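Below is one structure, written out as structure tokens; the observations come after it.
For clarity, every value in this text was computed on a predicted model and none was experimentally measured.
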Amino acid sequence: MLQILLVDDEKSVVETLAETIPWESCGISMVHEALSGAVALEIMENHDIDIVMTDIRMPEMSGIALITTIHERWPHVQTILLSGYADFEYAKQAMAQESFDYLLKPVSDEDLMETVQRLVDRIKQKWETAASYQRALHAFQDNLPLLQSTMLHELLTGKTYSPQALSDKLELLELPYSVGQELGMMVIRMEEHLSEMGQYDLSLMEYAICNIISEVMQHHFHIWHTRDVHDYLVVLASVKHDAPMGLTRDEKPQALLEHYATQIQTNVQLYLKGAISISVSHWGKFPYDIGEIYEGAVSSMRKRMGQARGLFVTASDDPDVHPLPAIRSLYKPPTLISLLEAGRFDDVEQKIEAIFEELLHSGEQHDIAETTVEVYHALAGAFAYIIHKNGKQISSVLPAETYRYFQAPSYATTQQLKDWSIRAIHSISEDAEQELKDNHSTIVRSVKSFVDLHLADDVSLPAIADHVHLHPVYLSKVYKAETGEALTAYVYRLRMEKAAYYLRSSNAKVFEVAELVGYNNTAYFIRVFKKFYDVTPQEYRENLPV
């Protein structure tokens, strides 16, 4: 949706256009008003205006001068000239300034809307042209390394794809991997002065280390790397079967990867004057085993964190320990806290279902008492976090029966824990929805009070939005959602209803009534009143019952 700026030195003209034209049906979401060229330029500085409709004859700065300045400073902005003077010279100047159209007052609503709609269609077509395939492809190639890194990071943190989606994305990102392919992994920790660098320098050092890795391993391995949440470099390696220098019969990928890892460690020390620790994983299949081999390599690094720098750890160095199964759904992004913060309560419920499904499945091989405790504390922590972040007490949001679980967990089975978590999320969701409704109701009441008190003054959308400290576009959406009526339509209706009241209950002249409801131009007031009631103000008064 686009934004339009209406410029005219007659206040009633811009207000009438703003209120009576159904702008949203033309593709306009925001209407700004200015009573002079200087004010118009100030609005242009602070808002992303797409279309300017301006009168020609204005004091100090004419409409021609205004659109000349606009086209110099904002070449993308389209302009329409509106004037009561059928002067061919003005029309020629308008065309010379590449104005989209030239309309004569009084212009009908239909003609004005048709012109604006044509211009909106033209702007949209320009957008589509700007987003052409070649430009998108160029941007894609520039960002390809980042996109590759992001995908690997997502796989490490548990994101899954359907087989077809995975194949399509690997092809798109030019990654030579396939489902079931054997792969190994190196996890690299930067140490000494390398880890103490600022973020910018650290990225440069990461780039330098990855260049060394590529130089050392390029003849035998495909390399795919990213940086994880611990600031470790994670390097995925798969064998190049079609490389000129392929592996010999006696060379094993695991042994060769470990050999190259020692070379990388030595080269970083030699050329970058810094130490790194490397953990080389066991081998697995893509993409199913990525999470497992990554966690194993990181775990090997973590277990030796307190030992000397410059570690070199391989999968064979770790004892054959079978840890309790991790409930991956519990920590897989998007996390519970992320979903709660975004207000995606349906997704939270789906995630809870996935967590308990995985928990019950793990119970087929292990006693799940320990992992059930882990799940409880993760859920309770997430619920408490979002309630407190919303500035409330847990006891004020959750029913007493649900709140008791925070004081003394009383579940005997995983099903009872699941039922509790579903009840809790429903209560949190209902509380958030009610708070949003209350907030929107308060906004609407404030808007109506302001408009009623300032009906004879400035009650434009920007002025109302400034009063309630909200962005005009957001305010329009809130008001429409809460009342079912556009805010500009409400202002227009209220003005007409107030005008009718004054005509019924007072002896004020028509021009006085016009001023009382915010119209300085009596002719425009009569026009909009007749459009609303199908009679002029005088006819309305004359038809009142005696």
For this session: Find out whether the Lys NZ or Arg CZ of K169 is both under 6.0 angstrom from the six-membered ring centre of Y161 and within 45° of the ring's axis.
Result: no

Problem set entry | E353, CD atom: more than 12 neighbouring heavy atoms under 6.0 Å | yes

Problem set entry | Distance-only polar pair, side chains of S29 and E24, donor-acceptor under 3.5 Å | no

For this session: Taking the six-membered ring of Y232 (Phe, Tyr or Trp), confirm whether the NZ or CZ of R227 is under 6.0 Å from its centre and within 45° of its axis.
Result: no

Problem set entry | Within 6.0 Å of CD in E171, more than 12 heavy atoms from elsewhere | no

Exercise. Which distance, rounded to the nearest 0.5 Å, do you find between the CD of Q141 and the CG of L147?
Worked result: 10.0 Å

For this session: For K159, enumerate each residue passing the salt bridge (charged side-chain N to carboxylate O under 4.0 Å, His left out) test, keeping only those at least two apart in sequence or located in another chain.
Result: E154

Exercise. So, are E15 and R495 salt-bridged, with charged N and O less than 4.0 Å apart?
Worked result: yes

For this session: Compute whether any side-chain donor of one residue and acceptor of the other, for E341 and Y385, lie under 3.5 angstrom apart.
Result: yes

Exercise. So does K498 pair up with D452, basic N to acidic O under 4.0 Å?
Worked result: yes

For this session: Can you establish whether the number of heavy atoms outside E114 located under 6.0 Å from its atom CD is more than 12?
Result: yes

Exercise. Are any of the side-chain heavy atoms of Y177 and L236 separated by less than 4.5 Å?
Worked result: yes

For this session: Determine whether the side chains of D50 and Q3 contain a donor N or O and an acceptor N or O closer than 3.5 Å.
Result: no

For this session: Specify whether H32 and H47 have parallel, tilted or perpendicular ring planes, treating 30° as the upper limit for parallel and 60° as the lower limit for perpendicular.
Result: tilted

For this session: Drop me the distance from L41's CG to L5's CG, to the nearest 0.5 angstrom.
Result: 9.0 Å

Problem set entry | Qualifying residue for side chain to side chain contact (heavy atoms under 4.5 Å, CB included) with T54, from I64, L6, L81 | L81

Exercise. Distance only, no hydrogens: is a donor on one side chain within 3.5 Å (strictly under) of an acceptor on the other, for H225 and E206?
Worked result: no

For this session: Please confirm whether F383 and W420 have ring centers closer than 6.0 angstrom.
Result: yes

Exercise. Is it the case that more than 12 heavy atoms not belonging to N543 sit under 6.0 Å from its CG atom?
Worked result: yes

Exercise. CG of D109: more than 12 outside heavy atoms within 6.0 angstrom?
Worked result: yes

Exercise. How far does CD of E19 sit from NZ of K531, to the nearest 0.5 angstrom?
Worked result: 11.0 Å

For this session: Verify the ring-centre separation between F511 and Y519: is it less than 6.0 angstrom?
Result: no

For this session: Tell me, yes or no, whether the heavy-atom count around E60 atom CD, taken from other residues, nucleotides or ligands under 6.0 Å, exceeds 12.
Result: no

Problem set entry | Side chains of D121 and Q125, donor plus acceptor under 3.5 Å | no

For this session: Anything under 30° is parallel, anything over 60° is perpendicular, the rest tilted; go ahead and classify H467 against F450.
Result: parallel

For this session: Hey, could you give me the OG/CD distance between S329 and Q350, rounded to the nearest 0.5 Å?
Result: 12.5 Å

Exercise. Side chains of S108 and D111: donor-acceptor distance under 3.5 Å anywhere?
Worked result: yes

For this session: Spell out, as yes or no, whether a donor-acceptor pair under 3.5 Å connects the side chain of W224 to the backbone of L175.
Result: no

For this session: Using only heavy-atom distances, determine whether the side chains of T335 and S338 contain a donor-acceptor pair under 3.5 Å.
Result: yes

Exercise. Rounded to the nearest 0.5 Å, how far apart are SG of C26 and CG of L112?
Worked result: 8.0 Å

For this session: Return yes if some donor-acceptor pair links the side-chain N/O of K11 with the main-chain N/O of G518 below 3.5 Å, else return no.
Result: no

Seminar exercise, completed: One should read off an interatomic distance between S421 OG and I355 CD1, to the nearest 0.5 angstrom, of 8.0 Å

Exercise. OH of Y501: more than 12 outside heavy atoms within 6.0 angstrom?
Worked result: no

